[in-house]
Protein chains: 2
Amino acid sequence: MEIRKTFASNLRLMRQTKGLSQEELAHRAEIDRTYVSSLERGIYSPSIDVLEKLASALGVSPGELIRPHE
Amino acid sequence: MEIRKTFASNLRLMRQTKGLSQEELAHRAEIDRTYVSSLERGIYSPSIDVLEKLASALGVSPGELIRPHE
DNA sequence: TTGTGACTTGTAGTCCGTT
DNA sequence: CAACGGACTACAAGTCACA
């Protein structure tokens with residue numbers, strides 16, 4: 001599985017687990033709402049700067065977001 | 001410490017530990033040598049696609065490359 | 001062997017909206 | 001609330017010559 005897809009599904013799963021909407025997460029991470037949507041669909045490969053913003057908004061480490069969680 | 005700098009120093013350290021030149025690493029990861037040089041100097045925030053290419057060329061997980069190694 | 005500048009191209013990332 | 005479109009700007013990605 002390519003890292004972009006792994007990241008995409010981790011992002012969606014962790015966001016939902018925290019009970020956040022895409023918009024709330026986007027606001028916390030200070031990135032665009034539509035971009036979060038695109039990331040969860042695997043359309044883009046984010047930079048590690050964005051990866052870190054999302055990770056901290058979710059309260060996890062950046063590594064957690066790109067690691068295969070079986 | 002920002003993730004970009006953490007990545008930059010990890011990249012250089014791990015490359016040197018493996019005894020590879022920037023050129024050899026670039027070749028293995030199928031990216032440009034001067035781009036590797038830029039990454040080690042923290043000029044760019046790589047996408048997770050590039051992160052993965054470099055990680056696999058170094059034989060480590062992507063997470064290892066962005067984790068603070070005190 | 002690595003750093004750097006100048007440059008071009010492609011994709012990341014934003015902002016407006018509608019379904 | 002989320003998917004998706006177009007139009008745009010910002011920056012990563014890649015190339016080359018040269019110190």
Side-chain angles (χ1 to χ4, degrees):
Chain A
M1 174 110 124
E2 34 187 335
I3 195 170
R4 185 190 303 208
K5 298 292 187 185
T6 301
F7 164 76
S9 58
N10 284 350
L11 179 61
R12 173 157 293 176
L13 192 64
M14 290 178 164
R15 175 180 64 78
Q16 291 175 335
T17 300
K18 305 274 180 183
L20 296 172
S21 67
Q22 290 179 349
E23 189 159 5
E24 288 169 327
L25 175 59
H27 181 254
R28 289 192 190 189
E30 296 181 301
I31 62 182
D32 194 74
R33 160 185 71 80
T34 66
Y35 187 48
V36 171
S37 169
S38 298
L39 288 177
E40 289 190 353
R41 284 176 285 134
I43 293 176
Y44 297 120
S45 180
S47 69
I48 62 175
D49 282 355
V50 168
L51 174 67
E52 173 168 60
K53 284 186 183 178
L54 288 166
S56 90
L58 288 168
V60 299
S61 71
E64 285 283 319
L65 266 178
I66 52 174
R67 183 179 84 201
H69 288 80
E70 66 296 328
Chain B
M1 175 114 121
E2 33 187 336
I3 194 170
R4 186 192 301 207
K5 298 291 186 185
T6 302
F7 165 76
S9 57
N10 284 350
L11 179 60
R12 174 157 292 175
L13 192 64
M14 290 178 164
R15 174 180 64 77
Q16 292 175 334
T17 300
K18 304 275 181 185
L20 296 172
S21 66
Q22 288 181 351
E23 188 158 5
E24 289 169 326
L25 174 59
H27 182 254
R28 290 191 190 187
E30 295 180 303
I31 62 184
D32 194 76
R33 174 191 73 76
T34 64
Y35 186 50
V36 171
S37 170
S38 298
L39 289 176
E40 289 190 353
R41 282 176 288 132
I43 292 177
Y44 298 120
S45 179
S47 68
I48 60 174
D49 283 354
V50 168
L51 174 67
E52 173 168 60
K53 282 186 185 178
L54 288 167
S56 91
L58 287 169
V60 299
S61 72
E64 285 283 320
L65 265 178
I66 53 174
R67 184 177 86 201
H69 287 81
E70 66 296 324

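The figures that follow rest on heavy atoms only: side chains count, while hydrogens, waters and symmetry mates do not. In the text below, chain A, chain B and the rest are named by the order of the sequence lines, each starting its count at 1.
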Would you mind reading off the distance between [X] atom [atom1] and [N] atom [atom2], rounded to a whole angstrom?
| X | N | atom1 | atom2 | answer |
| --- | --- | --- | --- | --- |
| Leu39(A) | dA12(C) | CG | P | 9 Å |
| Arg41(A) | dA12(C) | CZ | P | 13 Å |
| Leu20(B) | dT1(C) | CG | P | 12 Å |
| Leu11(B) | dG3(C) | CG | C1' | 15 Å |
| Gln22(B) | dT2(C) | CD | P | 5 Å |
| Tyr44(A) | dG10(C) | OH | P | 15 Å |
| Glu40(B) | dT4(C) | CD | C1' | 15 Å |
| Glu23(A) | dA3(D) | CD | P | 13 Å |

If you take all heavy atoms of [X] and [Y], which pair is closest and at what distance?
| X | Y | value |
| --- | --- | --- |
| Phe7(A) | Ile48(B) | CB-CD1, 3.8 Å |
| Pro46(A) | Val50(A) | CB-CG1, 4.0 Å |
| Ala57(A) | Leu25(A) | CB-CD1, 3.8 Å |
| Met14(A) | Val60(A) | SD-CG2, 4.3 Å |
| Ile66(A) | Gly63(B) | CD1-N, 4.1 Å |
| Leu65(A) | Asn10(A) | O-ND2, 2.9 Å |

| query | Taking OP1 and OP2 of dA12(D), is either one under 4.0 Å from a side-chain nitrogen or oxygen of Arg4(B)? | reply |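 Yes, within the criterion.
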| field | Presence of Arg15(B) side-chain N/O under 4.0 Å of dT2(C) phosphate oxygens OP1/OP2 | value |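 For dT2(C), OP1/OP2 do have a side-chain N/O of Arg15(B) under 4.0 Å.
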| field | Within residues 24-33 of chain B, residues whose heavy atoms come under 4.0 Å of DNA chain C | value |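 Going residue by residue through residues 24-33 of chain B, the ones with a heavy atom under 4.0 Å of DNA chain C turn out to be Arg33(B).
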| request: Taking Watson-Crick and G-U wobble pairs with both distances under 3.5 Å, convert DNA chain C into its dot-bracket string, 5' to 3', dots for unpaired and | for cross-strand pairs. | output: .||||||||||||||.|||
| field | side chain to side chain contact (heavy atoms under 4.5 Å, CB included) involving Glu24(B) - partner list, sequence neighbours excluded | value |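 By the side chain to side chain contact (heavy atoms under 4.5 Å, CB included) rule, Glu24(B) matches Leu20(B), Ser21(B).
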| request: Residues of residues 47-62 of chain B with any non-hydrogen atom less than 4.0 angstrom from an atom of DNA chain D: list those, numerically ordered, please. | output: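 Ser47(B), Val50(B) - these, ordered by number, are the residues of the stretch whose heavy atoms sit under 4.0 Å from the strand.
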| request: Using a cut-off of 6.0 Å, state whether more than 12 heavy atoms not belonging to Glu64(B) lie near its atom CD. | output: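 Yes, CD of Glu64(B) has more than 12 neighbouring heavy atoms, counting only those of other groups under 6.0 Å.
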Report, one line per pair, each donor and acceptor closer than 3.5 Å where one atom sits in a side chain of residues 27-34 of chain B; sequence neighbours left out.
unit_1: Asp32(B); atom_1: OD2; unit_2: Thr34(B); atom_2: N; d: 3.0
unit_1: Asp32(B); atom_1: OD2; unit_2: Thr34(B); atom_2: OG1; d: 2.5

| message | If the condition is salt bridge (Lys or Arg N to Asp or Glu O under 4.0 Å), which residues does Glu52(B) pass it with, not counting sequence neighbours? | response |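 Salt bridge (Lys or Arg N to Asp or Glu O under 4.0 Å) check on Glu52(B) returns nothing, list empty.
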| message | One thing to verify: whether Lys5(A) and Glu2(A) come together as a salt bridge, which I'm taking to mean a side-chain N less than 4.0 angstrom from a carboxylate O. | response |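 Result for this pair is no, no salt bridge flagged.
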| message | Considering every strand and a 4.0 Å limit on heavy-atom distances, what is the contact class for Ser45(A): base, sugar-phosphate, or nothing? | response |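 Sugar-phosphate, no base atom in range.
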